[in-house]
> 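For reference, the structure I am asking about is given below.
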Protein chains: 2
Amino acid sequence: MTKPPSSQSGADLDPFEDFLCFSVYSTGLAFNRIYKPLLDQLGLTYLQYLAILALARQDGQTVGELGEKLFLESNTLTPLLKRLEAAGLVERRRSTQDERVVRVSLTAQGRRTAEEARCVPAELLESTGLSAEGLGELNEALKKLRGQLRPG
Amino acid sequence: MTKPPSSQSGADLDPFEDFLCFSVYSTGLAFNRIYKPLLDQLGLTYLQYLAILALARQDGQTVGELGEKLFLESNTLTPLLKRLEAAGLVERRRSTQDERVVRVSLTAQGRRTAEEARCVPAELLESTGLSAEGLGELNEALKKLRGQLRPG
DNA sequence: AAAGATTAGATCGTGTACGATTTAAATGCG
DNA sequence: CGCATTTAAATCGTACACGATCTAATCTTT
């Protein structure tokens, strides 16, 4: 492996300065890298962390409901949820009313992990040194953009 | 596969409203989904498209230089570049001065593909219906954020 | 020049993403 | 009721990401 991608404040090193899609993409990678060491301590990946948080807010969701919140589908979620189940953090049960549906709920250990995970973002945002207002505005702008980015 | 994640304008469907990292993450997924049908016509993935663009701006870059621009390392780039080579779009050659270094250059076909790829973002941004100023500001904010998100 | 350190890529294993397909269960409709 | 349609998950194949490790080439230092 080569050296980690280094920060470059020089002018012409980034040929995608004006590509919004690239800014979103690379900022996502950067977030992932920041989160990873914190989440490693919890034994979670970034997506697993999001899934656990979503279940902490509303337990017993179906795979489809979880997918709506995470903007993902069963082909991504099913393997992820099986890993969380293997790790003892969630339970997957077919609904008795509708056997097509799988409901996912946190185990006791899953709830403990969710509790620990809750304080991760605070540590992290503090380390960015950016203002709360600025981050809030950025968040709103991204949500609006995401809403516009719909196939069709 | 379930139905595609649907747009939801309701209030409480997204439990991560206030998570900037999630907004960045999910907007990245949304961009990917928008780009995919356009790039499928070129036979490129999103990352392959970025690599081709980077090479079109500066041909004959090393794997490491390319990685600095894309914020990626050889463990991601090497397989990607091999696929582009197999597709006949790039050539990979070890430098004769320093045999550790691999230089990547576009083939004639690669340059044609790069030319076609150049007009993709315009089509796309038009479809978002967002103002150029707003997108520019968002871009600046993201670049600043990305710059702050550094391990350590 | 020889030995150790550094560097550039490549390789490997795990975990997302996602299109396409499959399976099984529920629903609709004549 | 019976059968086509729809739906929810699961499965499969391909392509990223990335930590860890490996290999080979260059540099350092004596």
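Residue numbers begin at 1 in each chain, while the letters A, B, ... track the order of the sequences. None of these values were measured; they are calculated from a predicted model.
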> Sequence neighbours excluded, which residues qualify as side chain to side chain contact (heavy atoms under 4.5 Å, CB included) partners of A:D98?
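Result, side chain to side chain contact (heavy atoms under 4.5 Å, CB included) vs A:D98: A:S95, A:R100, A:V101.
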> So, OP1 or OP2 of C:dT11: does either fall under 4.0 Å of a side-chain N or O from B:K82?
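The answer is yes; a side-chain N or O of B:K82 sits under 4.0 Å from OP1 or OP2.
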> Could you list the residues that satisfy side chain to side chain donor-acceptor pair (under 3.5 Å) with A:S26, not counting sequence neighbours?
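Side chain to side chain donor-acceptor pair (under 3.5 Å) list for A:S26, sorted by chain: B:R146.
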> Which atom pairs, donor and acceptor, lie under 3.5 Å between side-chain atoms of residues 36-54 of chain A and protein residues at least two apart or in another chain?
unit_1, atom_1, unit_2, atom_2, d
A:T45, OG1, A:Q48, N, 3.2
A:Y46, OH, B:C21, O, 3.2
A:Q48, OE1, A:T45, N, 3.1

> Where along residues 91-100 of chain B does a heavy atom come under 4.0 Å from DNA chain D, residue by residue in number order?
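Only B:Q97, B:D98, B:E99, B:R100 qualify.
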> When you measure from the side-chain N and O atoms of B:T78 to the phosphate of C:dT11, is any distance below 4.0 Å, counting only OP1 and OP2?
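Result: no.
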> Establish, with yes or no, whether the OP1 or OP2 oxygen of C:dT16 is under 4.0 angstrom from a side-chain nitrogen or oxygen of A:R83.
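Looking at the OP1 and OP2 atoms of C:dT16, one of them is under 4.0 Å from a side-chain N or O of A:R83.
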> If you check the A:N75 side chain, which of D:dC18, D:dA9, C:dG19 turns out closest?
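Nearest to the side-chain atoms of A:N75, counting from C-beta on, is C:dG19.
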> Quick one: side chain to side chain donor-acceptor pair (under 3.5 Å) partners of B:E115, sequence neighbours excluded?
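With neighbours one apart ignored, the set is B:R118.
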> What is the separation between atom CG on A:L81 and atom P on C:dA17, rounded to the nearest whole Å?
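It works out to 13 Å between those atoms.
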> Kindly write out the residues that satisfy side chain to side chain donor-acceptor pair (under 3.5 Å) with A:N32, not counting sequence neighbours, or none if the list is empty.
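Side chain to side chain donor-acceptor pair (under 3.5 Å) check on A:N32 returns nothing, list empty.
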> Which donor-acceptor pairs under 3.5 Å do side chains of residues 129-142 of chain A form with protein atoms, sequence neighbours excluded?
unit_1, atom_1, unit_2, atom_2, d
A:S131, OG, A:G134, N, 3.0
A:N139, OD1, B:S23, OG, 2.4
A:N139, ND2, B:E17, O, 2.8
A:E140, OE2, A:K143, NZ, 3.1

> Among residues 43-50 of chain A, which residues get a heavy atom nearer than 4.0 Å to DNA chain C?
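Going residue by residue through residues 43-50 of chain A, the ones with a heavy atom under 4.0 Å of DNA chain C turn out to be A:T45, A:L47, A:Q48.
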> With B:E85, which residues qualify under side chain to side chain donor-acceptor pair (under 3.5 Å), at least two apart?
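For B:E85, the residues satisfying side chain to side chain donor-acceptor pair (under 3.5 Å) (neighbours in sequence not counted) are B:R92.
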> Determine the contact category for B:L29: base if any of its heavy atoms lies under 4.0 Å from a base atom, sugar-phosphate if only primed atoms, P, OP1 or OP2 are that close, otherwise nothing.
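Touches sugar-phosphate only.
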> Indicate, with a heavy-atom threshold strictly under 4.0 Å, whether B:L77 touches base, sugar-phosphate, or nothing.
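The answer is nothing, as B:L77 stays clear of every strand by at least 4.0 Å.
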> With a 4.0 Å limit, can you tell me whether A:Y25 has a side-chain N or O closer than that to the phosphate oxygens OP1/OP2 of D:dC16?
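Indeed not, no polar side-chain atom of A:Y25 lies that close.
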> Return whichever of A:L80 or B:D40 has its heavy-atom-nearest nucleotide of DNA chain C closer to the 5' end.
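Nearest-nucleotide comparison on DNA chain C picks A:L80.
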> Taking only the side-chain heavy atoms of A:V101 (C-beta and beyond), determine which of C:dT16, D:dA17, D:dA8 contains the nearest atom.
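Within the option list, the nearest is D:dA8.
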> Give me the atom names and distance for the closest heavy-atom approach of A:L106 to A:R111.
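Minimum heavy-atom contact is O-NH1, 3.3 Å.
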> By nearest nucleotide on DNA chain C, pick out whichever of A:T76 and B:T62 is the more 5' one.
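Result: B:T62.
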> Quick one: closest heavy-atom pair of A:P79 and A:S74, and the distance?
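That would be CD-O, 3.9 Å.
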